[in-house]
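Worksheet: one structure, shown below.
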Amino acid sequence: MTQALKITDPEMRQNITGISSLDLPVIEDILDKAQSYADSFKNNAPLPQILKGKIILGLFLENSTRTRLSFEIAVKRLGGEFVLMTADGSSLKKGESDFDTCVTLNAYAPDALVIRHTDDGFANFAARHMSCPVLNAGDGIAEHPTQALLDALTIRQHFGEINGLTVTICGDTRHSRVAHSNARLLTLLGATVRFVGPDDLLDTECQNVETNNDFDAALADSDVVMMLRIQRERLPNTLKIDFKKYINLYSLNRARLDQCPAHCMVMHPGPMNRGVEISDEVADLADRTLITRQVENGVFTRMACLDLVLR
Ligand code: NCD
């Protein structure tokens with residue numbers, strides 16, 4: 001059943017700028033809708049063409065494989081058109097201000113804007129200056145709400161429910177928007193979330209999240225271990241990572257996986273840096289990882305998000 005929209009901005013539109021832009025019934029609605037899209041797709045049932053005649057603008061100012069492709073495929077499978085602009089082809093490099101960019105995009109009257117940006121909070125800025133719904137495809141280190149939603153769907157599919165699970169997120173939680181959105185979403189859904197990593201990369205300020213430097217100690221009671229890439233492009237110049245030491249302490253290899261409960265599943269939002277945060281052997285263990293399922297669910301989750309903001 002479609003939930004009533006939660007009004008989060010003066011123009012009474014539903015945006016998905018961050019997990020905090022969604023309340024619990026809306027989140028549950030997105031997860032249920034995503035599941036029903038997944039079921040229809042797997043049963044070869046026709047998908048409702050709810051985006052027919054609609055133009056979704058994708059502005060991707062940082063590199064992306066999974067998020068961009070899954071948004072584009074979601075739009076097309078629901079009958080809409082996806083118009084893409086990337087940083088290389090845009091006038092942003094010619095000194096155009098953020099505000100002027102929004103005014104220009106608005107003038108094309110898209111039905112929704114999907115935006116990936118280098119700056120924290122840009123999705124909220126765009127939501128204030130656009131007349132259409134805005135979906136955040138990742139802004140700086142701030143939020144990546146649709147990734148967290150697809151991760152929650154994947155966990156729910158595998159475990160039946162999220163409430164009561166312990167999810168260990170290991171790696172560069174300080175510079176990871178995936179970690180930030182997942183911490184907000186999974187704790188809201190009743191999971192215990194634990195960030196693990198070296199001090200320089202550990203976010204100790206995220207609310208309701210346990211933090212720990214000791215990966216080995218965190219494994220024994222983890223139901224899910226989510227591994228993250230070191231966000232090299234976001235690290236301050238002064239921070240030098242000793243990769244040998246990092247791999248020694250924080251890489252998920254077979255020996256570490258064997259310390260986890262037998263039911264524990266490995267997740268990774270991608271892109272994986274094999275040999276750094278995850279070994280080849282673990283990455284390729286089909287029965288202990290949910291990584292490909294995460295990619296598949298990216299499309300269904302983004303269908304549900306578009307459905308929510310546009311239907
Ligand atoms: C993540 C991102 O862009 O934040 N990737 C993704 O969207 N699947 C994670 C990352 O880049 O490490």
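Here the structure is a predicted model, which means the values were calculated and not measured. Every number for a ligand or one of its atoms is a count from 1 in the order of the listing. Positions are given from 1 along the sequence.
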Original post:
Which of the atoms in ligand 1, numbered in the order shown and given with their element, are less than 4.0 Å from a heavy-atom of His144?
Top reply: 2 (C), 4 (O), 6 (C), 7 (O)

**OP:** Not counting sequence neighbours, which residues clear salt bridge (charged side-chain N to carboxylate O under 4.0 Å, His left out) with Asp200? List them please.
**Re:** none

Original post:
Judging by distance only, is a nitrogen or oxygen of Val178 under 3.5 angstrom from one on ligand 1?
Top reply: no

Original post:
Against heavy atoms of Gln147, which atoms of ligand 1 measure under 4.0 Å?
Top reply: 6 (C), 7 (O), 8 (N)

**OP:** Could you list the atoms of ligand 1 found under 4.0 angstrom from a heavy atom of Arg229?
**Re:** 10 (C), 11 (O), 12 (O)

Original post:
Quick one: salt bridge (Lys or Arg N to Asp or Glu O under 4.0 Å) pairs with a partner in residues 234-246, sequence neighbours left out?
Top reply: Glu62-Arg234

**OP:** May I ask you to decide if Ala127's main-chain N or O and Asn15's side chain share a donor-acceptor pair within less than 3.5 Å?
**Re:** no

Subject >> Sidechain N-carboxylate O distance under 4.0 Å for Arg156, Asp151 >> reply: no

**OP:** Give the numbers and elements of all ligand 1 atoms closer than 4.0 Å to a heavy atom of Thr67.
**Re:** 6 (C), 7 (O)

**OP:** Check each atom of ligand 1 against the heavy atoms of Pro269 and keep those under 4.0 Å away; list them by number with element.
**Re:** 8 (N)

Original post:
For Gly138, is the nearest heavy atom under 4.0 Å from an atom of ligand 1?
Top reply: no

**OP:** Would you check, one step at a time, whether the test side chain to side chain donor-acceptor pair (under 3.5 Å) holds for Glu281 with Asn253?
**Re:** CA-CA 7 Å; Glu281 195 188 4; Asn253 52 30; over 6 Å; no

Original post:
Between atom CG of Asp287 and atom OG1 of Thr289, what is the distance when rounded to the nearest 0.5 Å?
Top reply: 8.0 Å

Subject >> Nearest non-hydrogen protein atom, atom 3 (O) of ligand 1 >> reply: Arg177 NH2, 2.9 Å

Original post:
With a 4.0 Å cut-off on heavy atoms, is Pro271 touching ligand 1?
Top reply: yes

**OP:** Quick one: look at Glu62 and ligand 1, take heavy-atom pairs under 4.0 Å, and tell me if it's side chain, backbone, both or neither.
**Re:** neither

**OP:** Return a yes/no value for Arg234: is any of its N or O atoms, backbone included, closer than 3.5 angstrom to an N or O of ligand 1?
**Re:** no

**OP:** Output the list of atoms in ligand 1 that are nearer than 4.0 Å to some heavy atom of Gly270, sorted by atom number.
**Re:** 1 (C), 5 (N), 6 (C), 8 (N), 9 (C), 10 (C)

Original post:
So is Gln231 in contact with ligand 1, going by heavy-atom distances below 4.0 Å?
Top reply: yes

Original post:
Would Phe41 and Phe300 count as a close aromatic pair, with their ring centres under 6.0 Å?
Top reply: yes

**OP:** Taking the side chain as every heavy atom from C-beta outward, state whether Leu235 and Leu201 have any pair of such atoms under 4.5 Å apart.
**Re:** yes

Subject >> Closest contact, heavy atoms only, Leu202 versus Gly197 >> reply: CD1-N, 3.7 Å

